[in-house]
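Report on the structure given below.
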Amino acid sequence: TIKRRLEAGKLQSVMEGNYILSHKTFGYDIVRESKKSRYLVENPEQAKYVRMIFDWWTEEEKPTDWIAKQLTLMGVTPMKKGKEWSRMTVRDMLTNVIYIGKISWNNMKTAKKFDPATGTTKKVRVKSAPEDVIIVDGKHKGIISEEQFEKAQAVACLCFVKCISGML
C-alpha cells in the first residue's frame, strides 16, 4: 500500500510539471522552490552545447560518434562520470523531450527475468511500451524548438533506415 501511494505521489508531481529525478540533465540546473515544486532552469554554459549538438545533427547531419569526439576535443565535461563523451550519450540527448520543455515518465520499468544458467529470477530494467510512457509539459523552458526536435527525430529515423538497408 505504501509503495502504491509513493508511486501515485510521484506521478502526481510529474503531472504538475515537476522534475523529480535525482540527477541533473545536461543543459539544466535543478531549482527547488518549495517541498512540492522542483523544476529545471537553463544553464547558459551547457545550453549552448545542447544547441550545438542539435544543430550538428539536424543541419550538418554529423553522426553521433563525430559529435561525441568534438565535444571531448572541446573539453566539454559530460554529466556522467568519465572524461569523454560517448555516442550513446549524444543519441540519448537527441531523443530526450526534456530539451523541448517536457517531462517524460515511465520510460523504463522493472521486470522479472528468469536466468536458466543460475536458476534464479533477476530484476532487470526494460524499456516501456511507447503507449505506457507519459509525456507532459514541464515547468521549465525548452532549450531547443519543437520543430528542431522533430527534425532530429526524422534524421534519426532516416539514419536507422540507411543502416538497415546497408546491412541487407
Side-chain angles (χ1 to χ4, degrees), residues 1-30 32 35-36 38-40 43 46 49-50 53-54 57 63-69 71-72 76-140 142-144 146 149-150 152-168:
T1 304
I2 292 170
K3 190 173 181 180
R4 274 197 314 265
R5 287 180 184 162
L6 287 172
E7 288 299 320
K10 288 179 190 176
L11 180 60
Q12 179 61 37
S13 189
V14 166
M15 297 304 270
E16 292 171 2
N18 289 314
Y19 181 79
I20 67 170
L21 297 177
S22 59
H23 60 277
K24 290 184 354 180
T25 300
F26 189 80
Y28 289 103
D29 293 321
I30 299 172
R32 184 178 202 115
K35 190 174 181 179
K36 293 186 177 184
R38 191 168 182 264
Y39 58 94
L40 299 171
N43 177 324
Q46 293 177 350
Y49 294 114
V50 172
I53 289 167
F54 275 88
W57 180 253
T64 54
D65 58 341
W66 183 90
I67 295 171
K69 285 176 188 171
L71 292 169
T72 301
V76 180
T77 308
M79 293 298 289
K80 303 268 180 174
K81 290 181 182 177
K83 297 176 183 170
E84 293 186 0
W85 283 77
S86 72
R87 65 182 182 84
M88 297 305 284
T89 301
V90 174
R91 188 212 57 191
D92 290 345
M93 287 178 69
L94 291 167
T95 59
N96 194 342
V97 295
I98 245 51
Y99 295 113
I100 56 173
K102 299 196 181 286
I103 302 282
S104 65
W105 187 248
N106 203 26
N107 291 325
M108 302 287 285
K109 63 181 179 178
T110 304
K112 291 181 182 179
K113 184 177 181 182
F114 180 74
D115 185 7
T118 61
T120 59
T121 302
K122 295 182 179 181
K123 291 183 179 179
V124 293
R125 300 282 290 162
V126 295
K127 271 191 170 284
S128 296
E131 60 271 6
D132 293 337
V133 177
I134 299 166
I135 298 176
V136 296
D137 290 333
K139 291 181 177 178
H140 64 285
I143 294 176
I144 61 162
E146 288 193 36
F149 184 79
E150 292 302 322
Q153 305 320 297
V155 170
C157 287
L158 183 61
C159 288
F160 179 73
V161 169
K162 284 180 182 177
C163 186
I164 294 295
S165 63
M167 290 180 184
L168 298 175

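For clarity, every value in this text was computed on a predicted model and none was experimentally measured.
Of the possible donor and acceptor atoms, none in the side chain of R32 sits under 3.5 Å from a partner among the backbone N and O of R38. For Q153 (side chain) and L94 (main-chain N/O), a donor-acceptor pair under 3.5 Å exists by modelled atom type. For the pair T72 (side chain) and W85 (backbone), a donor-acceptor distance under 3.5 Å is present. For R91 (side chain) and S86 (main-chain N/O), no donor-acceptor pair under 3.5 Å exists by modelled atom type.
Atom-to-atom distance recorded for I103:CD1 and Y39:OH is 12.5 Å, nearest 0.5 angstrom. M88 contributes atom CE, which lies 14.0 Å from atom CE of M93 (distance to the nearest 0.5 angstrom). Atom CG in L71 sits 8.5 Å away from atom CH2 in W66 (nearest 0.5 Å). Once rounded to the nearest 0.5 Å, the distance linking CZ of F26 with CD1 of I53 reads 6.0 Å. To the nearest 0.5 Å, atom CD of residue E150 and atom CD1 of residue I144 are 9.5 Å apart. For the atom pair CZ of R4 and CG of L11, the computed distance is 14.5 Å after rounding to the nearest 0.5 Å.
Taking the six-membered ring where tryptophan is involved, the planes of Y28 and H140 are perpendicular, since the angle between them exceeds 60° and thus also 30°. Note: F149 and F54 have tilted aromatic rings, judged against thresholds of 30 and 60 degrees for the angle between ring planes.
Between E7 and K10 there is a salt bridge, with a side-chain nitrogen of the basic residue lying less than 4.0 Å from a carboxylate oxygen of the acidic one.
Listed by chain and residue number, D137 satisfy the salt bridge (charged side-chain N to carboxylate O under 4.0 Å, His left out) test with K102 (two or more places apart in sequence, or in another chain).
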Checklist entry - Which is it for T25 and Y19 under the side chain to side chain donor-acceptor pair (under 3.5 Å) test, yes or no, and what are the steps along the way? => result CA-CA 10 Å; T25 300; Y19 181 79; 3.0 Å; yes
Item to check | Residues V136, W105; criterion side-chain contact (heavy atoms from CB on, under 4.5 Å); working and verdict | outcome: CA-CA 9 Å; V136 296; W105 187 248; over 6 Å; no
Checklist entry - M79 and K24: side-chain contact (heavy atoms from CB on, under 4.5 Å), yes or no, with the steps? => result CA-CA 8 Å; M79 293 298 289; K24 290 184 354 180; 3.4 Å; yes
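Scanning all heavy atoms of the two residues, the minimum distance from S104 to V97 falls at CB-CG2, 3.8 Å. Among all heavy-atom pairs drawn from Q46 and G27, the shortest one is OE1-N, 2.9 Å.
T121 is not listed as a side-chain neighbour of K113, based on a closest heavy-atom distance of 4.5 Å or more.
Side-chain N/O atoms of T89 and D92 include no donor and acceptor closer than 3.5 Å.
In the displayed structure, R125 atom CZ is contacted under 6.0 Å by more than 12 heavy atoms of other residues, nucleotides or ligands. No more than 12 heavy atoms of other residues, nucleotides or ligands lie within 6.0 Å of CE in M15, so this atom counts as exposed by the packing criterion.
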N/O donor-acceptor pairs under 3.5 Å from side chains in residues 127-135, not counting sequence neighbours:
unit_1: S128; atom_1: OG; unit_2: N106; atom_2: O; d: 2.8
unit_1: S128; atom_1: OG; unit_2: N107; atom_2: O; d: 3.4

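Checked against L40 for a side-chain contact (heavy atoms from CB on, under 4.5 Å), the options I98, N18, D29 give a single hit: I98.
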